[in-house]
Amino acid sequence: SFRDREGRPCGAALVEKFAACLGVSRHGLSPAELTALLDPGDPLGNVAVLLRLVRPYLMRRGELLDFYHGQFREAAKAAHLDTPEKQRAAHQSVATCLQAFADPHRDGQCRDATPHALSELPHHQTRAEAWPDLIATLENIFFLEAKVTHGLAFDLAEDFTAAVDALPTEHAGRQRLGLLGEALRRD
């Protein structure tokens with residue numbers, strides 16, 4: 001059974017967080033991202049054991065692990081993402097994790113960012129309704145440059161459109177993001 005650092009059982013919480021985070025992902029999560037989300041550093045090997053146990057129900061998409069079948073995702077959503085609050089919380093957990101992979105040096109310059117984090121961070125910030133973080137991400141010139149450098153330039157227009165569509169109408173950053181998105185689409 002899964003144990004925490006103090007030897008207490010932690011299996012139910014570990015499985016629930018795993019199912020929720022993978023359930024809100026669009027294309028899966030990397031083993032490193034899952035470890036950072038579930039038990040940073042995995043000092044007791046719980047994440048490694050969990051991934052081994054659920055391997056028959058997962059598939060690889062390049063470096064990412066995802067549910068093998070859509071019915072697994074639906075079951076995870078029904079069991080662990082059955083309210084908007086739980087969905088936002090799972091998106092926030094994934095966004096916080098991806099922020100660390102998008103800016104591993106934590107200096108705002110997005111050096112050594114992983115392509116998956118660059119691709120998915122705005123989506124999860126939008127779905128978490130993490131407006132200040134989303135605006136900071138989409139207004140960070142280094143984040144934008146990193147996305148372009150990794151061949152994700154066309155995703156930027158979609159990021160801006162989704163952000164503007166989701167932001168409350170009265171939000172101060174909505175107009176700025178709208179103008180930036182329009183400039184991207186015209187260029």
Whether [X] side chain and [Y] backbone form a donor-acceptor pair below 3.5 Å:
X      : Y      : value
His105 : Asp107 : no
Arg174 : Val164 : yes
His150 : Ala146 : yes
Gln87  : Leu81  : yes

Measuring from [X]:[atom1] to [Y]:[atom2], what's the distance to the nearest 0.5 Å?
X      : Y      : atom1 : atom2 : result
Phe154 : Arg185 : CZ    : CZ    : 13.5 Å
Leu167 : Thr126 : CG    : OG1   : 7.5 Å
His123 : Leu134 : NE2   : CG    : 11.5 Å
Leu38  : Asn46  : CG    : CG    : 9.5 Å
Glu120 : Ser25  : CD    : OG    : 8.0 Å
Lys147 : Leu121 : NZ    : CG    : 8.5 Å

Nearest atoms (heavy-atom pairs only) where [X] meets [Y]:
X      : Y      : value
Thr137 : Pro122 : CG2-CG, 4.4 Å
Leu138 : Phe143 : CD2-CE2, 4.5 Å
Ala163 : Leu177 : CB-CD1, 4.0 Å
Gly173 : Ile135 : CA-CD1, 3.8 Å
Ser119 : Asp155 : OG-OD2, 3.9 Å
Leu22  : Gly28  : CD1-CA, 4.0 Å

When you compare the side chain of [Y] with that of [X], does any pair of heavy atoms fall below 4.5 Å?
X      : Y      : value
Ser30  : Leu65  : no
Leu98  : His124 : yes
Gln125 : Gln99  : yes

Original post:
Among Arg26, Arg73, Arg60, which residue meets the salt bridge (Lys or Arg N to Asp or Glu O under 4.0 Å) test with Asp66?
Top reply: Arg73
Subject >> Near-ring test His116/His27, centroid separation under 6.0 angstrom >> reply: no
Original post:
Under 6.0 Å between ring centres, would you say that holds for Tyr68 and Tyr57?
Top reply: no
State yes or no: do [X] and [Y] share one hydrophobic cluster built from I, L, V, M, F, W and Y residues joined by side-chain heavy-atom distances below 4.5 Å, directly or via other members?
X      : Y      : result
Leu156 : Leu179 : no
Val148 : Leu144 : yes
Phe101 : Leu64  : no

Subject >> CD (Gln175) with more than 12 external heavy atoms under 6.0 Å >> reply: no
Original post:
Counting heavy atoms not belonging to Glu85, are there more than 12 under 6.0 Å from its CD?
Top reply: yes
**OP:** Could you check Asp103 against Arg111 for salt bridge (charged side-chain N to carboxylate O under 4.0 Å, His left out), going step by step and ending with a plain yes or no?
**Re:** CA-CA 6 Å; Asp103 186 17; Arg111 291 174 288 118; over 6 Å; no
Original post:
Hey, mind stepping through Leu29 and Val94 against side chain to side chain contact (heavy atoms under 4.5 Å, CB included) and telling me if it holds?
Top reply: CA-CA 9 Å; Leu29 296 164; Val94 174; 4.2 Å; yes
Subject >> Parallel, tilted or perpendicular: ring planes of Phe67 versus Phe18, cut at 30 and 60 degrees >> reply: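 Phe67 vs Phe18 ring planes: perpendicular.
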**OP:** Given side chain to side chain donor-acceptor pair (under 3.5 Å), test Gln92 with Thr96 step by step and report yes or no.
**Re:** CA-CA 6 Å; Gln92 183 60 57; Thr96 300; 3.0 Å; yes
